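Proteins come first, then strands; the chains are lettered A, B, ... in the order of their sequence lines, and each starts at number 1. All figures in this text were calculated on a predicted structure; none of them were measured in a lab. Just so you know, these numbers use all the heavy atoms, side chains as well, and skip hydrogens, waters and symmetry mates.
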Number of protein chains: 2
Amino acid sequence: MSWQIPRVAVAVDLAVLTVRNDRLQILLVERAIKPFRGMFALPGGFLASKEEDLEVAAARELAEETGLEPRPLHLEQMRTYGAPDRDPRGRVLTVCYLAVVPNLPLPVPGGDARAARWTPVDAVLNSEVAMAFDHREIIADAVERARSKLEYTTLGAAFCAAPFTISELRHVYETVWGHKLDSRNFHRKITSVDGFLVSTGERTKRDGGRPAALYRPGGARLMHPPILRSAGSSPWAG
Amino acid sequence: MSWQIPRVAVAVDLAVLTVRNDRLQILLVERAIKPFRGMFALPGGFLASKEEDLEVAAARELAEETGLEPRPLHLEQMRTYGAPDRDPRGRVLTVCYLAVVPNLPLPVPGGDARAARWTPVDAVLNSEVAMAFDHREIIADAVERARSKLEYTTLGAAFCAAPFTISELRHVYETVWGHKLDSRNFHRKITSVDGFLVSTGERTKRDGGRPAALYRPGGARLMHPPILRSAGSSPWAG
DNA sequence: TGAATAGTGTCTATTAGACAATATAAG
DNA sequence: CTTATATTGTCTAATAGACACTATTCA
């Protein structure tokens with residue numbers, strides 16, 4: 001079976017999203033080598049060996065390129081990009097993964113990690129950042145996937161470091177969707193979804209204002225019925 | 001860039017779904033060659049050349065293996081499967097596509113087409129059919145994807161040959177979801193979604209019963225708000 | 001006390017689901 | 001007419017969204 005079958009290089013790329021400074025941001029690396037040198041790209045790389053599993057490669061790249069540990073709360077395969085001309089070096093298929101992480105300290109360049117930086121997705125989608133390959137379209141897909149999944153899954157919790165408050169979770173929704181939500185209706189809705197949040201019994205110590213209850217993610221992955229983003233929202237002011 | 005990068009064989013597989021004889025069915029081919037010979041598999045195959053686009057390969061395989069023409073109303077990339085041991089011949093990555101087609105005449109084997117047959121997905125998922133590779137899991141993913149997409153997209157129309165009636169569309173929903181829907185509420189809901197259906201002005205000639213209005217698919221791809229499958233349904237009797 | 005944030009209660013417009021009633025065909 | 005299917009209408013329970021109000025902290 002190995003005679004005339006074409007074999008292609010396979011890469012794994014990561015769209016790592018977080019909410020940081022009131023903006024949805026994505027982790028980018030500056031390319032140090034030739035095609036698109038000096039431009040920005042998604043962290044990723046070729047399979048380490050012919051036997052490496054895709055998910056393993058994705059987790060490895062995330063750690064290698066960014067120093068991010070422990071593993072993200074959420075890592076899912078998104079889509080495979082395979083246009084014949086997407087890489088000037090030749091045919092490269094890239095299997096893209098969507099990762100969602102809390103607002104972590106910026107990884108320090110050096111060592112194994114390349115220079116990785118958080119960049120607001122708006123800047124990328126508005127073409128204010130020079131992107132390598134077809135990575136701008138990939139990022140657009142990733143953002144839309146994340147926005148959509150907030151509606152009907154518990155993905156939002158993956159943006160929050162546990163334990164977190166309902167306000168923090170709402171802030172994630174508002175930032176990713178780009179518009180304000182009513183805090184009281186959001187509170188009622190979220191707490192009514194079975195298995196989304198588990199109360200820790202603890203409360204925040206605030207500097208003014210009533211302390212908020214702290215939660216960690218529950219086991220539920222799907223939210224039913226969903227929170228739909230289109231209806232009943234005020235325009236974003238932040 | 002071509003020195004130590006591992007290169008792998010890339011295949012494209014198709015999960016082609018239709019509604020036929022009141023059941024959700026999938027197109028399978030019987031394997032004529034060695035790994036898993038005599039077992040059933042999804043139609044598909046390796047990239048024809050190192051330059052072939054993935055979507056093009058998917059469309060080509062569909063025509064080649066099944067004789068199905070013209071192209072399906074719906075063809076979308078679903079997921080890439082890449083477990084290192086999923087193919088005993090060596091590392092093979094398969095990019096899977098979900099296709100949805102109307103109830104077409106069974107393709108005739110012979111010529112370019114291999115022996116392809118429609119098989120109820122229940123039989124596959126209940127392990128009543130011997131499946132090659134990891135194709136049973138792929139089919140489970142495809143079925144879940146289709147069930148889910150009926151909720152919030154206009155995918156259901158892709159199961160119907162235009163022009164079609166609202167009853168035919170409802171029958172698709174009932175068959176894919178496995179439970180009855182209220183015909184009157186369904187009618188009201190579907191016709192209220194802007195761009196889902198376009199009336200042709202024609203009506204069916206029935207053999208008893210009021211003639212039904214005929215529609216063709218509108219341009220809309222998303223349905224908002226969605227029709228959720230969990231709520232308010234009577235158990236399936238057919 | 002006042003400012004700030006968390007959380008609960010209430011009202012209303014909309015929607016989903018059950019189901020009655022009417023419309024239009026074939027025998 | 002009866003049977004069969006399509007389509008419209010009506011009622012009701014549940015839900016989403018707006019928003020008043022209470023609760024609990026800090027200064």
Original post:
Which angle, rounded to 10°, do you find between the first-five-pair axis and the last-five-pair axis of the helix from C:dT1-D:dA27 to C:dG27-D:dC1?
Top reply: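 Axis-to-axis angle, ends of the helix: 10°.
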
Could you check if a side-chain atom of [X] sits within less than 4.5 angstrom of a side-chain atom of [Y], using non-hydrogen atoms only?
X: A:Glu76; Y: A:Val100; value: no
X: A:Met39; Y: A:His135; value: no
X: B:Tyr97; Y: B:Met78; value: no

Original post:
For B:Pro225 and B:Arg203, take the nucleotide of DNA chain C holding the closest heavy atom to each; which residue's nucleotide lies nearer the 5' end?
Top reply: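 Looking at the nearest nucleotide for each, B:Pro225 comes out on the 5' side.
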
Original post:
Phosphate oxygens OP1/OP2 of C:dA6: is one of them under 4.0 Å from a side-chain N or O of A:Thr204?
Top reply: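 No, because none of the side-chain N or O atoms of A:Thr204 sits under 4.0 Å from OP1 or OP2 of C:dA6.
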
Original post:
B:Glu202 has an atom CD; how far is it from atom P of D:dA6, in whole Å?
Top reply: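 Rounding to the nearest Å, CD of B:Glu202 and P of D:dA6 are 17 Å apart.
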
Subject >> A:Ala213 side chain, from C-beta outward: closest of C:dG7, C:dA6, D:dT25 >> reply: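 Of C:dG7, C:dA6, D:dT25, C:dG7 is nearest to the side chain of A:Ala213.
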
Original post:
Which listed nucleotide (C:dA25, D:dC19, D:dA23) is nearest to the side chain of A:Asp182?
Top reply: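 Of the candidates, D:dC19 comes closest.
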
**OP:** Please evaluate the base of C:dA25 for a donor-acceptor partner in the side chain of B:Arg210 within a cut-off of under 3.5 Å?
**Re:**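 Under the 3.5 Å cut-off, the side chain and the base do not form any donor-acceptor pair.
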
Original post:
Which one of B:Leu17, B:Val19, B:Val16, B:Leu27 satisfies the side chain to side chain contact (heavy atoms under 4.5 Å, CB included) criterion with B:Val101?
Top reply: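 The single option meeting the side chain to side chain contact (heavy atoms under 4.5 Å, CB included) with B:Val101 is B:Val16.
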
Original post:
Would A:Arg79 and A:Glu144 pass as an ion pair if we require N to O under 4.0 Å?
Top reply: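 Judged by the 4.0 Å cut-off on N to carboxylate O distance, A:Arg79 and A:Glu144 do not form a salt bridge.
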
Original post:
Between A:Tyr215 and A:Phe164, does the ring centre distance come in under 6.0 Å?
Top reply: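 For A:Tyr215 and A:Phe164, the ring centres are not under 6.0 Å apart.
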
Subject >> Residue mapping more 5' on DNA chain D - nearest nucleotide basis, B:Gly209 or B:Tyr215 >> reply: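 Result of the comparison: B:Gly209.
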
Original post:
Which of residues 183-197 of chain B sit near DNA chain D, with a heavy atom under 4.0 Å from it?
Top reply: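 When residues 183-197 of chain B is checked for heavy atoms under 4.0 Å from DNA chain D, the hits, listed by number, are B:Arg184, B:His187, B:Arg188.
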
**OP:** Report yes or no: is the cationic atom of A:Arg188 (NZ for Lys, CZ for Arg) under 6.0 Å from the centre of the six-membered ring of A:Phe186, at an angle within 45° of the ring normal?
**Re:**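 Not satisfied by the 6.0 Å and 45° rule.
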
Subject >> Check against side chain to side chain donor-acceptor pair (under 3.5 Å), A:Asp22 and A:His171 >> reply: CA-CA 8 Å; A:Asp22 299 339; A:His171 184 250; 2.8 Å; yes

